[in-house]
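Step one of this worksheet: look at the structure below.
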Amino acid sequence: MVNHTDPQVDTVETLAALRRVPDVRGAVVTGYVGVDGRTMLLGYVTGPDPAVGTIRIRQHLSSRLPGYLIPDHLFVLDALPLTPEGDYDLSALPTPEADLGPAGAHVAPRTPVERRLAEIFQELLGVSDVGVHDDFFALGGSSIVATRLAAQVREVFAVEVSLVDVLAASTVDELARLVDEA
C-alpha cells in the first residue's frame, strides 16, 4: 500500500529549497512509506530536462540542506498531477518502485563506467550484485565511506569529483552520468 503522508516527515524546508533550484518551475515533496516499511522523502519537480537527470538538483540541495532533508528519490515530471479541484493529486505521483520498473527490478550495469562503479560500490560496502539504481547510502554507505568513494572515482576515472558530487549522485547510474560529463 502506498502512503504519501507521514507525520514524522517535515517537508516545508525541502520544498522551499527545491523551488529555489534553477529551472524548477513546480515542486511537491511528500513523505512515503515504501513496501519495506521504510519512510522516505520523495521530491517531484517540473521544469528541468528529464534527460539531464537529477544530479544538479541534488547538488543544489546538498549545499543548502542537511542530508535528512534531501529527498531519497527525485522525479522530474512534465507536469504535476492535479485533482479536479486543482489540488496536487498525490495518488497519481510515481513511486520509487514504479521508477525502478516491475517490482523494483534489478538493472545490471550497462556500460564500462557503470560496471566499474558497481565494482567500487561492492568493494567499499562489502555487498554483491550492485545494480545501476542501487543507492550507495541504502546499501550501507556513510559520509566517511563516501569520501573514499570520491577518492576512488577520481583515481580510477581521472576526473575531478567532490564529496558533494558523490552525495548528490548516490546511485551507479547518477554517478556514471557525472563521470561521463567530466
Side-chain angles (χ1 to χ4, degrees), residues 1-111 114 130-139 141 164-178 180-181:
M1 177 170 180
V2 176
N3 178 3
H4 276 284
T5 56
D6 186 326
Q8 296 178 344
V9 178
D10 182 10
T11 61
V12 174
E13 196 172 346
T14 303
L15 181 60
L18 271 175
R19 288 182 173 162
R20 288 190 298 267
V21 174
D23 298 328
V24 168
R25 289 191 313 265
V28 171
V29 177
T30 66
Y32 173 81
V33 179
V35 293
D36 62 357
R38 188 172 72 91
T39 299
M40 296 177 264
L41 197 58
L42 305 182
Y44 303 89
V45 298
T46 61
D49 180 0
V52 174
T54 60
I55 294 169
R56 299 292 173 228
I57 297 170
R58 287 187 178 282
Q59 287 173 327
H60 182 87
L61 295 177
S62 293
S63 66
R64 289 161 177 78
L65 294 173
Y68 70 93
L69 290 177
I70 296 173
D72 295 286
H73 294 275
L74 277 169
F75 299 86
V76 179
L77 306 174
D78 292 329
L80 295 169
L82 299 175
T83 65
E85 295 79 29
D87 297 321
Y88 292 120
D89 186 355
L90 300 182
S91 66
L93 292 169
T95 63
E97 291 81 12
D99 189 43
L100 297 177
H106 172 82
V107 178
R110 304 157 291 207
T111 67
E114 287 178 350
V130 173
V132 297
H133 297 298
D134 291 337
D135 184 272
F136 180 77
F137 298 101
L139 293 171
V164 171
D165 293 331
V166 169
L167 295 174
S170 60
T171 67
V172 169
D173 177 59
E174 292 170 333
L175 199 50
R177 287 185 204 184
L178 194 63
D180 289 340
E181 287 177 10

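- In this structure, T14 OG1 and L69 CG are separated by 4.0 Å, a value rounded to the nearest 0.5 Å.
- Rounded to the nearest 0.5 angstrom, T46 OG1 and L80 CG are separated by 5.0 Å.
- Nearest heavy-atom pair across L93 and L77 is CD2-CD1, 3.9 Å.
- Among all heavy-atom pairs drawn from P109 and V132, the shortest one is CA-CG1, 3.5 Å.
- The distance from atom NE2 of H133 to atom CD of E174, rounded to the nearest 0.5 Å, is 9.5 Å.
- For the pair D134 and V172, the minimum side-chain heavy-atom distance is 4.5 Å or more.
- Residues T111 and D180 have side chains not in contact (no heavy-atom distance under 4.5 Å, counting atoms from C-beta outward).
- Looking at every heavy atom in both residues, A176 comes nearest to E114 through CB-CG, 3.7 Å.
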Checklist entry - Step by step, would you call I57 with V45 a side-chain contact (heavy atoms from CB on, under 4.5 Å)? => result CA-CA 10 Å; I57 297 170; V45 298; 3.9 Å; yes
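- Under a cut-off of 6.0 angstrom, the local environment of CG in D87 is crowded, with over 12 non-hydrogen atoms contributed by other residues, nucleotides or ligands.
- Closest approach of Y44 to P94, counting heavy atoms only: OH-O, 2.7 Å.
- To the nearest 0.5 Å, the span separating CG on D173 from CG on D135 amounts to 11.5 Å.
- Closest approach of Y88 and L82 over heavy atoms only: CD2-CD2, 3.7 Å.
- The backbone N or O of V164 lies less than 3.5 Å from no partner atom in the side chain of S62, so there is not a single donor-acceptor pair.
- Here the shortest heavy-atom pairing between L18 and A27 reads CB-CB, 4.0 Å.
- The backbone N or O of P71 sits less than 3.5 Å from a side-chain atom of R58, completing a donor-acceptor pair.
- Listed for the T11 side chain is no donor-acceptor partner under 3.5 Å among the backbone atoms of T30.
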